[in-house]
Amino acid sequence: MGKPLRVLIVEDSEDDALLLIFELRRGNYAPVSRRVESAEAMRRALEEEDWDLVVSDYVLPGFTGLEALQVLRDSGLDIPFIIVSGKIGEDTAVGAMKEGANDYLIKGNTSRLIPAIEREMQEAQVRRKKREAEAALVRSERRYKRLVAAVTDYIYTVTISEGNVTRTSHGPGCLSVTGYSDEEYQENPFLWYQMIHEEDRPAVTSLTEELRAGKEIPSVEHRIRHKDGTLRWVINTVVPRYSEQGDLIAYDGLISDISERKQAEESLRVQSAALEAAANAIVITDSNGLVLSVNEAFTRMTGYTKEESVGRDLGFLKSDRQDPALYQDLWSTIMAGKIWHGELVNRRKNGELYPEEQTITPVLDPDGHIKHFICIKQDITERKLAEQALLQNTSMHKEMEIARQIQLSLLPAAPPLLTGIDCAGRCVPASHIGGDYYDILLHGERLDLVIADVSGHSVGAALIMVETRSVLRAQMPALDGPAQVVAALNEILHDDLSRAELFITMSYLSYHRTSGRLRYSNAGHPPPLLYRPGEERFFELDAEGLILGVQRRVAFDEPVMQVEKGDLLLLYTDGITETQSRSGELFGVQRLKGVLAREYRKPSAAIIDATLDALRAFTGNTAFDDDISMLLLKFIP
């Protein structure tokens with residue numbers, strides 16, 4: 001049975017969401033999920049249900065991963081937020097983490113998904129315990145102050161004759177402390193002893209014997225049973241009175257109700273144990289910043305024991321790597337009664353430098369004066385190393401460029417010369433290796449067209465693209481129709497895709513040049529567009545079929561379309577429709593249709609150029625964040 005996990009998925013692709021759930025199940029989780037693809041839907045989901053984790057795509061139609069992160073922030077919930085996207089660059093990923101994202105993963109390369117979830121779930125639990133401990137400390141201190149201010153005392157007198165109690169009298173405060181009036185005590189001289197808790201009674205009654213012996217007795221704390229049946233803690237201070245002959249004739253006592261103090265002490269004891277058990281280092285200082293207490297995690301992190309730390313300013317942890325202006329900002333913030341949060345480079349006892357994330361919370365008294373500071377420290381060495389490793393990956397750019405040129409050489413050098421068909425293809429890669437692939441395969445009267453997109457932009461994706469091309473060219477002549485070809489590819493490539501944690505989306509079309517019949521199948525790829533200028537109508541050539549590499553023995557539909565003279569057929573990858581403007585808006589299918597409808601009279605190559613020009617004008621950039629591939633056919637009248 002997998003570990004339960006409630007995950008909110010911010011994703012416009014149902015296939016991608018299914019892949020995520022599949023990966024979670026492989027990681028021994030039993031996920032309960034909900035998919036949303038807009039800010040409003042995400043807000044409703046956060047309000048209506050409790051979630052352990054939010055996983056978000058970075059690019060959605062009309063909505064971005066950073067906007068989803070802001071929605072989570074606005075909710076006030078502390079839930080781990082992980083970005084999983086194929087459209088996010090390294091600089092953007094680091095920026096997202098600085099904005100508050102806990103981690104990011106590239107689609108199709110989710111080997112870090114389960115470790116990332118386990119780490120972020122553990123850190124979220126630590127943060128919750130930290131907040132609970134901080135709040136508990138503040139509440140207990142205020143409760144203790146109210147206790148001291150509201151304590152009730154009263155005086156009683158016990159009269160003794162010939163060694164026996166003959167009379168007791170209790171002051172006016174006895175009613176609120178014990179529930180009994182002075183009259184009731186006078187009616188029953190033994191009522192006070194009867195009220196004492198059975199376990200404490202021997203210690204209290206022995207006081208009389210010690211008084212008779214002339215001993216001085218200290219104040220004693222014990223329990224009494226209130227008239228309403230509840231137990232109360234009191235402190236009992238006794239002062240004896242002796243006769244001229246030295247005999248004990250009476251004693252006076254002062255009773256103070258300390259029940260709330262006892263409860264506060266127990267609460268503080270539990271809170272102290274919780275602080276000691278916390279994973280993060282916790283330091284409590286006075287209003288001047290002198291250390292009053294540290295927990296064991298502080299000693300583990302810094303090397304300094306409690307005895308070495310108490311009474312010192314935390315400056316003994318300072319390194320020479322910090323700008324003095326940061327400390328000025330820190331002190332001005334907390335002395336204004338505000339919480340300060342930031343990162344510092346400090347020095348351990350052994351001289352080693354380490355980065356830490358620190359939160360300092362002022363604790364105020366009822367009059368609003370600062371009494372203490374609670375400092376929560378977390379060693380973020382591992383996180384910093386991960387960020388550094390991410391940035392170092394850019395050094396691989398040159399090698400990637402060489403591989404990119406090899407990859408482009410595997411695409412068709414030029415379209416075949418076909419009677420009645422004007423054909424052109426183009427692949428515009430991003431700055432790193434991608435997995436886009438298109439091909440034109442001529443087999444007698446049958447003209448097969450294929451466009452595919454391997455998930456991710458890594459070397460692995462490029463290698464899978466090469467393998468796909470080889471398998472396709474080997475299998476195509478022996479198979480009849482797109483559905484058979486795509487199904488065969490799925491079976492042959494399934495194991496390699498699973499091991500590489502990749503998948504492929506693909507559209508495969510087969511055009512019979514004599515009859516004009518166009519058969520097509522689709523494996524989760526953006527549907528090709530067929531534009532009929534005479535009717536000013538677009539047909540989206542979509543068909544049922546799962547993306548390649550998810551499961552075996554998948555059946556693919558194979559609809560048929562009759563192509564007419566003058567029609568325009570475009571196969572493309574999602575790098576076009578998911579191109580973003582500077583404001584974050586997606587180019588989308590409608591804009592693509594608009595370009596085709598406006599430019600359809602031009603040759604195929606010129607239409608492709610016009611589409612690329614429209615994309616550059618839309619983004620304001622000459623380069624694209626994702627690979628863009630197009631294969632366009634004009635059926636000449």
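Residues Arg131 and Asp78 are paired through a salt bridge, judged by an N-O separation under 4.0 Å between the basic side chain and the carboxylate. Between Arg6 and Asp52, none of the side-chain N atoms (NZ, or NE/NH1/NH2) sits under 4.0 Å from a carboxylate O, so this pair counts as no salt bridge. Salt bridge present: Arg223 and Asp200 bring a charged side-chain N and a carboxylate O closer than 4.0 Å. The pair Arg35-Glu37 meets the salt-bridge criterion, with a side-chain N (NZ, NE, NH1 or NH2) lying under 4.0 Å from an Asp/Glu carboxylate O. Salt bridge annotation for Lys129-Glu132: absent, with no cationic side-chain nitrogen under 4.0 angstrom from a carboxylate oxygen. Looking at Glu40 and Arg43, a side-chain N of the basic residue comes within less than 4.0 Å of a carboxylate O on the acidic one, giving a salt bridge.
Annotation: the span from Ile217 atom CD1 to Thr237 atom OG1 amounts to 9.0 Å, rounded to 0.5 Å. Here CE of Met195 is found 9.0 Å from NE2 of His222. Values are rounded to the nearest 0.5 Å.
Heavy-atom contacts from other residues, nucleotides or ligands closer than 6.0 Å to CZ of Arg321 number 12 or fewer. Around CD of Glu14, the count of heavy atoms belonging to other residues, nucleotides or ligands within 6.0 Å does not exceed 12. Within a 6.0 Å radius of CG in Asp50, no more than 12 heavy atoms belonging to other residues, nucleotides or ligands are found.
Note that Arg347 lies outside the cation-pi zone of Tyr354, set by a 6.0 Å cut-off to the ring centre and a 45° limit from the axis.
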Quiz item: Does the side-chain hydrogen bond (donor to acceptor under 3.5 Å, both in side chains) test come out yes or no for Glu296 and Thr299, once each step is laid out?
Solution: CA-CA 5 Å; Glu296 285 296 324; Thr299 299; 4.8 Å; no

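In this pair, His170 and Tyr156 present their aromatic rings parallel. The plane angle is below 30°, not in the 30 to 60° band.
Side-chain atoms of Arg201 come within 3.5 Å of backbone N or O of Gln194 as a donor-acceptor pair. For Glu67 (side chain) and Thr64 (main-chain N/O), a donor-acceptor pair under 3.5 Å exists by modelled atom type. With Asn621 contributing its side chain and Ala623 its backbone, the two residues share no donor-acceptor pair below 3.5 Å. Remark: side-chain polar atoms of Thr168 are paired, donor with acceptor, to backbone N or O of Tyr185 under 3.5 angstrom. Between the side chain of Arg225 and the backbone N or O of Gly229, at least one donor-acceptor pair lies under 3.5 Å.
Under the ring pair (Phe, Tyr, Trp, His ring centres under 6.0 Å) criterion, no residue pair touches residues 11-48, with sequence neighbours excluded.
With a 4.5 Å cut-off on side-chain heavy atoms, Ser169 and Asp182 count as touching. Between Leu46 and Trp51, some side-chain heavy-atom pair lies under the 4.5 Å cut-off. Here the side chains of Ile380 and Glu357 are in contact, with some heavy-atom distance below 4.5 Å. The shortest side-chain heavy-atom distance between Trp340 and Pro362 does not fall under the 4.5 Å cut-off.
Counted by atom type alone, Asn346 and Ser319 present zero donor-acceptor pairs between their side chains at under 3.5 Å. Between the side chains of His226 and Asp228, at least one donor N or O sits under 3.5 Å from an acceptor N or O.
Between Tyr304 and Phe298, the distance separating the two ring centers is not shorter than 6.0 angstrom.
Exactly one residue among Gln322, Gln378, Arg383 makes a side-chain hydrogen bond (donor to acceptor under 3.5 Å, both in side chains) with Glu343. That residue is Arg383.
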